[in-house]
Protein chains: 2
Amino acid sequence: MGETTKMTPAARRILDTASELFYSKGIHAVGVETIASEAGVTKKTLYDRFGSKDQLIVAYLEERDQKWRKHLFSCMDEVPDDQPVDKILRIFDALENWMSTRNKRGCAFVNALAELSEETHPGRKVIIEEKKWLKELFASLLGQLQLENPDPIAEQLFILHEGLMVTYSLDIYERGTAGAKETAHMLIQSADYKKEEA
Amino acid sequence: MGETTKMTPAARRILDTASELFYSKGIHAVGVETIASEAGVTKKTLYDRFGSKDQLIVAYLEERDQKWRKHLFSCMDEVPDDQPVDKILRIFDALENWMSTRNKRGCAFVNALAELSEETHPGRKVIIEEKKWLKELFASLLGQLQLENPDPIAEQLFILHEGLMVTYSLDIYERGTAGAKETAHMLIQSADYKKEEA
DNA sequence: TTTCAAGTAAACCGATCGGTATATCTTAAT
DNA sequence: ATTAAGATATACCGATCGGTTTACTTGAAA
């Protein structure tokens, strides 16, 4: 199910239903029978459109990845391109908004990775690529500053981001993501700038 | 299965087998039949000792919690009680050691929480208590310093810890936990100390 | 007007799920 | 010597798992 592929109305309903159930109940805990009936569709239609449960899982992960990136960019687009520090901090704003609306059960990718233990499952690649992409996003934004060595800082920002995401569902924070944003700011400020001479 | 309860040899084998399988394959992906046969035990013995799969899951989580705390304390005990900063940093050493030996698939508690979606499942309490306990451990160690407001820092250390743990299995770090330890140190140093006057 | 993709309805498949039942054996404590 | 706990072996239970099959209907494009 490629990025620009138009889905049939039934396929759309199936994927929407599966996405919600996979995230809220877990992948293995939800059967195809349940998905089909909740979507108001027969099992045959589900298999005609998606081929197998595994492929439906992959479609779920790919679409969630797309939606998250889109949300992220729409938040970051509000800050001008020549202010990379603010853009980085905006990622944490985007996360807060994302979590409070459609992320009550932690990180969908981390959760899915916990269930997809088979090394060869195609869903794993989607997940790992998503994580690498985010880490690289931090790195490329830091790269716009004149930092001596942006990668270690990008790594810490990424860890901070992931930690915040997985622990958010524990409901133990009073200040939301504000604290993490301050930590992120501190991390950026702690970096050494390139020496201009030579 | 309380902390000091002596298990029968069969029960011991069952729990060991279940722990390894639950962690490596996921909870829902492993059936009681598999656990019993891998442990060299009949299903009846499993049910005689643990009552149900859910109770076996709880025993798994409780024991893993105990082992982790034991490991943590044995690492922290090597640094004197009057050096709380080093004790905090030692938590990150303990984490590195723990992860490289028995944590190749991320955080067992986060993974289990992803699969236990039912709000009433007794395993959820074990997990959430474990996370709260760790956050409080950071807070109490910071409390030994004369900090103005230790809780927000404890929160950030906790997020850092969790982020490192869940992302470790992605195999994208070259320096292991060293970077996170530096971030932790920076966080502690950033805190304001209590004003001595008044 | 024909054709074809998209859909419904419902039965069916072997395998596995968590859990129970019955009957027998071994071993250590009373 | 007797009892009771811990264990084995094995068959069984209804329910659900992912997936397939056959037959029929609908709607829009060629």
Side-chain angles (χ1 to χ4, degrees), chain A residues 1-2 4-22 24-61 112 114-118 120-124, chain B residues 1-2 4-22 24-61 112 114-118 120-124:
Chain A
M1 208 65 64
T4 48
T5 314
K6 289 160 201 145
M7 280 185 231
T8 65
R12 184 65 269 156
R13 258 151 49 218
I14 291 166
L15 186 50
D16 284 344
T17 306
S19 294
E20 202 214 309
L21 289 174
F22 284 157
S24 63
K25 312 271 186 190
I27 290 173
H28 286 333
V30 177
V32 286
E33 194 91 53
T34 306
I35 295 169
S37 75
E38 290 260 310
V41 141
T42 57
K43 249 202 299 186
K44 179 165 187 306
T45 303
L46 190 152
Y47 278 91
D48 282 347
R49 295 299 128 247
F50 294 94
S52 70
K53 188 186 179 181
D54 278 335
Q55 287 173 259
L56 182 56
I57 292 168
V58 172
Y60 154 61
L61 293 169
E115 296 208 69
L116 306 180
S117 63
E118 256 182 295
T120 58
H121 195 292
R124 288 186 67 95
Chain B
M1 209 65 62
T4 49
T5 313
K6 291 159 202 147
M7 280 186 229
T8 65
R12 184 67 269 158
R13 258 151 49 218
I14 291 166
L15 185 50
D16 285 344
T17 306
S19 295
E20 203 215 307
L21 290 175
F22 283 158
S24 62
K25 312 271 186 190
I27 288 173
H28 285 333
V30 177
V32 287
E33 195 91 52
T34 306
I35 296 169
S37 74
E38 290 260 309
V41 140
T42 58
K43 248 203 299 187
K44 179 161 189 305
T45 301
L46 190 153
Y47 277 90
D48 283 348
R49 295 299 128 244
F50 293 94
S52 70
K53 188 186 181 181
D54 279 335
Q55 287 174 258
L56 182 56
I57 292 168
V58 172
Y60 153 61
L61 293 169
E115 297 208 69
L116 306 179
S117 63
E118 255 182 293
T120 59
H121 195 293
R124 288 187 68 96

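This is a predicted model, so every value here is computed, not measured.
At whole-Å resolution of the value, CD1 in B/Ile14 and C1' in D/dT8 are 12 Å apart. In this structure, B/Asp54 atom CG and C/dG18 atom P are separated by 10 Å, rounded to whole Å. Rounded to an integer number of Å, the gap from CG of B/Leu46 to C1' of C/dC17 is 14 Å. We find that CZ of B/Phe50 is positioned 13 Å from C1' of D/dG6, with the value rounded to whole Å. Atom-to-atom, CE of A/Met7 to P of C/dA6 comes out at 14 Å; the value is rounded to the nearest Å.
Without hydrogens or angle criteria, A/Glu115 side chain to A/Ile27 main chain gives a donor-acceptor distance under 3.5 Å. In this structure, the side chain of B/Ser19 engages the main chain of B/Leu15 through a donor-acceptor pair within 3.5 Å. Put simply, the side chain of A/Arg13 gets close to the backbone of A/Gly40: a donor and an acceptor are under 3.5 Å apart.
The phosphate of C/dA5 (OP1 or OP2) has no side-chain N or O of A/Arg49 nearer than 4.0 angstrom. At least one side-chain nitrogen or oxygen of B/Thr45 sits closer than 4.0 Å to the OP1 or OP2 atom of D/dT8. Phosphate contact (OP1/OP2 of D/dA7, side-chain N/O of B/Thr8, threshold under 4.0 Å): present.
Nearest heavy-atom pair across A/Ser117 and B/Ser24 is CB-O, 3.3 Å. Between B/Ala39 and B/Thr17, the shortest heavy-atom distance links the atoms CB-OG1, 3.4 Å.
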field: Nucleotide-resolved protein contact map, nucleotides 20-30 of chain D, B/S/- at heavy-atom distance under 4.0 Å
entry: BBBB-------
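Residues B/Leu61 and B/Phe22 are not in side-chain contact: their nearest non-hydrogen atoms beyond the backbone lie 4.5 Å or more apart. A 4.5 Å side-chain heavy-atom check between A/Leu116 and A/Ile57 finds at least one atom pair inside the cut-off.
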field: Stepwise side chain to side chain contact (heavy atoms under 4.5 Å, CB included) check, B/Val58 with B/Phe50
entry: CA-CA 10 Å; B/Val58 172; B/Phe50 293 94; over 6 Å; no
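The stretch residues 24-37 of chain A does not touch DNA chain C, since none of its heavy atoms comes less than 4.0 Å from the strand.
B/Asp54 CG to B/His121 NE2: the interatomic distance, rounded to the nearest 0.5 Å, is 3.5 Å.
Of the candidate nucleotides D/dG18, D/dT8, C/dA9, D/dG18 has the atom nearest to the side chain of A/Lys53.
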